[in-house]
Amino acid sequence: MKIASWNVNSLKVRLPQLTQWMAEAQPDIVALQETKLEDAKFPVDELAAAGYRAVFSGQKTYNGVAILTRGQAPTDVVTDIPGLDDPQRRILAATVGDLRVVDLYVVNGKAVGDPKYDYKLDWLAKVREFLAREHERHPNLVVLGDFNIAPDDRDVHDPVAWRDSVLCSVPERAALNAITGLGLHDSFRLFEQDAGHHSWWDYRQAAFRRNLGLRIDLILLGEALKGAARAAAIDRVPRQWERPSDHTPVTLDLDI
DNA sequence: ATGGTAGTAGAACTA
């Protein structure tokens, strides 16, 4: 089975690209971020026509997450972190067959020291507690999404320029390490050790053409699933299309 | 150099 994550930066704008990409890539599960759609406006019928069921947690203008599945319908859906009263729609957990899937749109944080940065670190700490409980209950855990953190310097086009800035700072990386420390493995690094592989490129300064990007979109696998991983990839093709998202899809092939 | 581009909205905020 193939699992994917894609920050589409407006599902309304990117729906044609999403359905085209799914028709070509044939993923079984797709986690979306930044849908920017109220639930009443989610394109349920269009995605059903493409062969996918959907669960979603959205809001107008900002944020919004969704999980699309082929075959079995997602069940046991959770849309909020227990103990965190947060109107921002950034987390969606669901059971899909034998897998527990948690889709995250991690807070960007704006800049180190900004109030949004403090919210990011607090949000990540609360997510870690939630994921610890999810992992205990569901060994076959997949946590994926836009983490808005580059795990280490290999994931950054210019580590010196980005040193200690938001998306790369030591406290953010510590928060991510606290999550991977639960036994959740960055699946891309099970297969690829080199630098220069990115999943997000700023719209400005021709960043994609120059490969000035970061790898911030991750698929984490629980210990029990690690041995089932067969291949991980970043599909740069949709980033080359007309009117692209600033993120491109990341994928994982699992032998289950 | 706090620029630049994109999405949502219809000005300013978020990324």
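Keep in mind that what you see is a predicted model, and the values were worked out from it rather than measured. Here is how names work: the chains are called A, B, and so on, in the same order as the sequence lines, proteins then strands, and each is numbered from 1. Values reported hereafter were calculated over all heavy atoms of this structure, with side chains retained and with hydrogens, waters and symmetry mates removed.
When all heavy atoms of A:A4 and A:L144 are compared, the pair lying nearest together is O-CD1, 3.3 Å.
Distance check on atom P: B:dA1 versus B:dA12 gives 26 Å, rounded to whole Å. Comparing B:dA9 with B:dT14, their P atoms are spaced 14 Å from each other, to the whole Å.
For A:Q88 and B:dC13, the CD to P distance is 15 Å, given to the nearest whole Å. At whole-Å resolution of the value, CD in A:Q59 and C1' in B:dT14 are 11 Å apart. Atoms CG (A:N108) and C1' (B:dC13) sit 13 Å apart, rounded to a whole Å.
A:Y119 is connected to A:V127 through a chain of hydrophobic side-chain contacts under 4.5 Å among Ile, Leu, Val, Met, Phe, Trp and Tyr, so both are in one cluster. Following chains of ILVMFWY side-chain contacts shorter than 4.5 Å, one can reach A:Y117 starting from A:V156, so the two form part of one hydrophobic cluster.
The stretch residues 211-222 of chain A participates, sequence neighbours left out, in these side-chain hydrogen bond (donor to acceptor under 3.5 Å, both in side chains) pairs: A:D155-A:R215, A:D186-A:R215, A:S199-A:D217, A:W201-A:N211, A:N211-A:R236, A:D217-A:H247. Residue pairs meeting the side-chain hydrogen bond (donor to acceptor under 3.5 Å, both in side chains) criterion with at least one member in residues 39-53 of chain A, sequence neighbours excluded, do not occur. Annotation: ring-ring contact (aromatic ring centres under 6.0 Å, His included) contacts involving residues 169-194 of chain A, sequence neighbours excluded, comprise A:F188-A:H197. For residues 127-143 of chain A, the set of pairs meeting the side-chain hydrogen bond (donor to acceptor under 3.5 Å, both in side chains) definition, not counting sequence neighbours, comprises A:R100-A:E134.
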Q: Going 5' to 3' through nucleotides 2-12 of chain B, assign each nucleotide B (protein heavy atom under 4.0 Å from a base atom), S (under 4.0 Å only from sugar-phosphate atoms) or - (no protein heavy atom that close).
A: --BBSSSS---
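Taking the six-membered ring where the residue is Trp, the centroids of A:W6 and A:W21 are separated by under 6.0 Å.
Nucleic acid contact class of A:R239 (heavy atoms, under 4.0 Å, all strands): none. Looking at heavy-atom distances under 4.0 Å, A:F208 makes no contact with the nucleic acid at all.
Contacts between residues 109-121 of chain A and DNA chain B, defined by a heavy-atom separation below 4.0 Å, involve A:K116, listed by number.
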